[in-house]
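Some notes on the structure that comes next.
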Amino acid sequence: MGTVRNLLVAAVAVAASLLPAKAQQLTVWHDLGDNGVKWFEALSAEFARTKPGVTVRSQSFPTDQWFGRVISALNTDTAPDLVFNNYERVIRVQTQTNKIMDLTALTAAIADKSFLSEDDLRVATFKGRQIIIPIQRVQMAFGVRKSWLDKNGGKFPETWDEVKTLAAAFRDKDPDGNGQADTFGLALQAAKPRDLIHMLDLFTFGSGLRHTLIDPEGKITIDQPAHAQVLEEFLKTYSTYKFVAPDTINHSFNEMYQVIEGGRGGMFRVGDWNVRKWDGANVLNGDFVSGPWPKFAADRQNAVVIGGMRGVAVPENSPNKALAQEFAAFMLTKAAQQASLENVGAGVRKDLDVSKLSPRSQYFAKAEHRLAAYDFPESIHPFYPELEAAFHRKLLAGISNPPADWKAFIAETAREMRELAAKLKG
């Protein structure tokens, strides 16, 4: 009888092994648009090679909607399996939910991760918890419309003085040849704290300086001579110099992109994720060239800025938590990283094939330029977002009503920021 029972059990096991794998679906929420959706479709197909029956469905939301949806879903136990975004955005989610899983042990168990630096893992950590697995370094270069540049000497601007000369030409000399005064020297943004201060971060770190507003010890930096020089010129770009669209003070990411993609901006931020779209015939058709941010001083080396780290996070209340962690680790494999590079233009591995990329994408993928990493003050000073919001209000007031003496304005702003920082630190 026992033999018959054993044979039946074995037969059932064999039959079960011949059945199709149970279908499972993981859901990922991100804000990378169509390119991100295509990337996750490629990842889904690759992941299914080792996990038959598993599919990965991604949903892309505008950044502001992504915040609201993710925070609400985690707080109401309706979370997706994974979320993907820039590190500082995941910090905001964690701050408001405290429901992002600590991935320290998962990362430690990944054998093939030698390409992740200490800085990569530091950036991924918030309040002692590794809240993301680093997947894509976010490179941000200074971009110039190539055809406009060719009409004005053809030399990529290295110094701030060269940028100012080009900005005036791009504004005044009808670089697109349409006979209308509808072009601007630079396309920037200013509406929200991260809009304006993010732009200042790029000019600051890109020029070889560190710590835009506050350093790790809590010292305000904006009135240090080198920092004050960058800040003054930056503010004049929006006001005195009139290098940007008149309503730039109200521009956020979308409006800035409308100026760039509408062919009206001469110089602008180029993120590694922008290139694939901007290579398109219906956008900029590859008519741009990227390089380091401008120098403000001859003795400081300028750079392309690592403005963030995109990574994957697993909610504590992920519906398929174990499988979600497997997929998160899979995103560091060579095949997954190759798909990341080809669809989004970024990765963290150093052994990827870049030959299929356009020259503009290869610029970022090869990363042969000097890189300067943003310092993420919010990971050190919990009060930083509030300090930054006050800084933003002060700078907007200066742009709206330019002071007679910018140096005095910056000194006054520094005093106010010191007083506020001391109050916020308690």
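This one's a predicted model, so the numbers in the text were calculated from it and none came from an experiment.
- Looking at Asp81, its side chain does come within 3.5 Å of a backbone N or O of Asn320 through a donor-acceptor pair.
- Using a cut-off of 4.0 Å between Lys/Arg side-chain N and Asp/Glu carboxylate O, Asp287 and Lys146 are scored as not salt-bridged.
- No side-chain donor-acceptor contact under 3.5 Å links Thr55 to the backbone of Gln25.
- The side-chain hydrogen bond (donor to acceptor under 3.5 Å, both in side chains) search around Arg415 returns none, not counting sequence neighbours.
- Residues Asp102 and Thr104 have side chains that bring a donor and an acceptor to within less than 3.5 angstrom of each other.
- Arg418 has a carboxylate O that lies under 4.0 Å from a charged side-chain N of Asp223, or vice versa, which qualifies the two as a salt bridge.
- To the nearest 0.5 Å, atom NZ of residue Lys407 and atom CD of residue Gln229 are 9.0 Å apart.
- Checking Ser358 against Asp279 by side-chain atom types alone, a donor-acceptor pair falls below 3.5 Å.
- Phe40 and His30 have parallel rings, their planes meeting at less than 30° on a 0 to 90° scale where 60° marks the start of perpendicular.
- Between Phe268 and the options Trp293, Phe243, Trp278, Phe142, a ring-ring contact (aromatic ring centres under 6.0 Å, His included) holds for only Trp278.
- Ring geometry, His381 versus Phe383: the interplanar angle falls from 30° to 60°, so the pair is classed tilted.
- Ion pairing between Lys295 and Glu158 holds under the 4.0 Å rule for side-chain N and carboxylate O.
- Glu368 contributes no side-chain N or O that, together with a main-chain N or O of Tyr363, makes up a donor-acceptor pair within less than 3.5 Å.
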Could you give me the CA-CA distance, side-chain angles and deciding distance for Arg92 and Glu378, then say whether salt bridge (charged side-chain N to carboxylate O under 4.0 Å, His left out) is met? CA-CA 10 Å; Arg92 178 172 161 184; Glu378 60 270 43; over 6 Å; no
Per-pair distances, 0.1 Å, donor-acceptor, side chain in residues 195-207, under 3.5 Å, sequence neighbours excluded:
| from | atom 1 | to | atom 2 | distance (Å) |
| --- | --- | --- | --- | --- |
| Asp195 | OD1 | Gln189 | NE2 | 3.4 |
| Asp195 | OD1 | Ser252 | OG | 3.2 |
| Asp195 | OD2 | Lys192 | N | 2.9 |
| Asp195 | OD2 | Ser252 | OG | 2.9 |
| His198 | NE2 | Arg269 | NH1 | 2.8 |
| Asp201 | OD1 | Thr212 | OG1 | 2.7 |
| Asp201 | OD2 | Arg194 | NH1 | 3.2 |
| Asp201 | OD2 | Arg194 | NH2 | 2.9 |
| Thr204 | OG1 | Leu200 | O | 2.8 |
| Ser207 | OG | Phe203 | O | 3.1 |
| Ser207 | OG | Thr204 | O | 2.8 |

For a salt bridge (charged side-chain N to carboxylate O under 4.0 Å, His left out) check, start with the C-alpha distance between Lys236 and Glu232, then their side-chain angles and the critical distance, and finish with the verdict. CA-CA 6 Å; Lys236 286 180 178 177; Glu232 179 176 344; 2.9 Å; yes
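- Annotation: the span from Leu188 atom CG to Met267 atom CE amounts to 9.5 Å, rounded to 0.5 Å.
- Using a 3.5 Å distance cut-off with no hydrogens or angles, the side chains of Glu261 and Tyr257 do not pair a donor with an acceptor.
- Under a 3.5 Å cut-off, the side chain of Arg57 and the backbone N or O of Thr27 do not form any donor-acceptor pair.
- Screening Gln65, Arg310, Arg89 for a side-chain hydrogen bond (donor to acceptor under 3.5 Å, both in side chains) involving Asp31 leaves a single residue, Arg89.
- In summary, Asp176 and Arg145 do not engage in a salt bridge, as defined by a charged side-chain N under 4.0 Å from a carboxylate O.
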